[in-house]
Amino acid sequence: MQRLARDNRPLHFGTNFKMHQTPEETARFLAELAPRVDRVPDRVRLFVIPPFTSLPAAIAAREHSGLTSRVWIGAQNVHWAGEGAYTGEISVRMLTSIGVDFVLLGHAERRGHFGETDEALAKKVPAALDAGLRVLLCVGETAEEKAFGVGPETVIRQLKIALHTVGADALSRLLIGYEPVWSIGAGGTPARPEDVMETVVPLRRALGEQFGEAGGSVPILYGGSVAPENCGDFVTLEEIDGLFVGRAAWQVEGFERVLEAALAARGEASGYRD
Ligand code: PEP
């Protein structure tokens with residue numbers, strides 16, 4: 001499987017607000033981000049994933065700030081059905097109708113707290129991709145799975161089930177987020193580069209086995225306790241095409257600090273040091 005040289009591949013960088021930020025706070029975040037985006041190289045694709053209630057405000061603020069071509073706005077979940085008796089759920093059409101670009105699926109918190117299964121993801125991922133949404137599919141092993149030595153096979157299983165019916169034609173809209181469950185959130189331990197490589201190399205191989213050459217173009221992002229101090233460990237790994245950041249990027253200053261450190265680690269001119 002051929003991969004483009006790293007300098008020719010986009011670098012993805014963004015944050016998931018989880019259950020934080022009102023519409024006003026989200027709009028303020030985007031407005032504050034806008035002047036800083038001019039200093040970010042074009043090759044960097046930025047994204048923000050606010051809660052459902054903040055999506056319209058995020059999309060309006062993005063347009064108002066002239067960020068529409070630079071920042072993707074994503075939702076944190078979606079249902080697989082077109083419509084129906086699914087109280088509390090949101091459909092793909094509801095997201096596309098307000099201008100959402102992509103959806104995060106399979107986050108560890110949805111799997112762990114809300115019983116999201118691989119089988120549900122096998123329906124959600126194609127439903128979103130078929131409607132033209134981009135999908136950031138999260139996979140990751142628990143501490144127990146890692147301790148038993150089944151981390152790589154766990155994430156490959158998650159990947160294969162979620163992508164079971166996905167065709168190579170949809171791959172240009174797919175991103176994978178590798179997030180070891182044990183590394184996420186305030187109680188998490190940041191992964192070491194060798195932990196990440198141990199899993200993403202087999203993950204990439206599995207993409208190649210399923211999709212052939214096209215599997216080489218799917219970006220794999222790392223997420224889990226990413227901070228300015230450690231982001232260089234991940235973005236300099238050959239298989240990693242971006243960062244998926246939580247707490248450290250919920251304020252614009254933090255977002256910028258992590259991005260600046262990641263670009264510096266890759267030896268990229270960010271304009272931040274002008
Ligand atoms: C996450 O929950 O997806 C995440 C990356 O969070 P944090 O960076 O806060 O560990």
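Computed over heavy atoms, backbone and side chain alike; hydrogens, waters and symmetry mates excluded. This structure is a prediction, so every number in the text was calculated from the model and none was measured.
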For a quick test of reading the model, state the closest non-hydrogen atom pair linking [X] to [Y] and the distance between them.
| X | Y | result |
| --- | --- | --- |
| Gln21 | Thr26 | CB-OG1, 3.5 Å |
| Cys231 | Ala262 | SG-N, 3.5 Å |
| Ala75 | Val100 | N-CG1, 4.0 Å |
| Pro202 | Met197 | CD-O, 4.0 Å |
| His79 | Val92 | O-CG2, 4.0 Å |
| Gln210 | Val166 | NE2-O, 4.2 Å |

Counting only heavy atoms from other residues, nucleotides and ligands, does the tally under 6.0 Å from [atom1] of [X] exceed 12?
| X | atom1 | result |
| --- | --- | --- |
| Glu89 | CD | yes |
| His20 | NE2 | yes |
| Glu63 | CD | no |
| Lys18 | NZ | yes |
| Arg93 | CZ | no |

Counting N and O atoms only, with roles assigned by atom type, does the side chain of [X] sit under 3.5 Å from a partner on the main chain of [Y], one being a donor and the other an acceptor?
| X | Y | answer |
| --- | --- | --- |
| Arg3 | Gly216 | yes |
| Gln76 | Phe52 | no |
| Ser54 | Ala57 | no |
| Thr15 | Val48 | no |
| Arg247 | Gly185 | yes |
| Glu25 | Thr22 | yes |
| Ser225 | Ser183 | yes |
| Glu213 | Gln2 | yes |
| Arg9 | Ser217 | no |
| Asp101 | Ile73 | yes |

Distance from [X] atom [atom1] to [Y] atom [atom2], nearest 0.5 Å?
| X | Y | atom1 | atom2 | result |
| --- | --- | --- | --- | --- |
| Leu203 | Lys160 | CG | NZ | 11.0 Å |
| Trp250 | Asn16 | CH2 | CG | 8.0 Å |
| Glu256 | Leu33 | CD | CG | 8.5 Å |
| Leu46 | Leu67 | CG | CG | 8.5 Å |
| Leu159 | Tyr178 | CG | OH | 13.0 Å |

Ala227: what forms a side chain to side chain contact (heavy atoms under 4.5 Å, CB included) with it, not counting sequence neighbours? Glu229, Asn230
Can Trp80 be reached from Ile161 by stepping across I, L, V, M, F, W or Y side chains whose heavy atoms are under 4.5 Å apart? no
Count I, L, V, M, F, W, Y as connected when their side-chain heavy atoms are under 4.5 Å apart, and connections chain through other members. Are Val196 and Phe13 then in the same cluster? yes
Report, one line per pair, each donor and acceptor closer than 3.5 Å where one atom sits in a side chain of residues 121-132; sequence neighbours left out.
from, atom 1, to, atom 2, distance (Å)
Lys124, NZ, Asn77, OD1, 2.9
Lys124, NZ, Val78, O, 3.4
Lys124, NZ, Glu116, OE1, 2.6

Could you tell me whether the side chains of Glu144 and Trp182 share a donor-acceptor contact shorter than 3.5 Å? no
Can we say Glu253 and Arg36 salt-bridge, meaning some charged N sits less than 4.0 Å from an Asp/Glu carboxylate O? yes
Looking at Gln158, His164, Arg157, which hits side-chain hydrogen bond (donor to acceptor under 3.5 Å, both in side chains) with Asp118? Arg157
Pairwise side-chain contact, Ile220 with Leu207, heavy-atom cut-off 4.5 Å (strictly under): yes
Please give the remaining members of the hydrophobic cluster of Trp72, linking ILVMFWY side chains under 4.5 Å, ordered by chain and number. Phe47, Ile49, Phe102, Leu104, Leu136, Leu175, Leu221, Phe244
Take the angle between the ring planes of Phe234 and Tyr222 and call it parallel below 30°, perpendicular above 60°, tilted in between. parallel
Would you check, one step at a time, whether the test salt bridge (charged side-chain N to carboxylate O under 4.0 Å, His left out) holds for Arg6 with Asp241? CA-CA 8 Å; Arg6 197 177 72 180; Asp241 292 314; over 6 Å; no
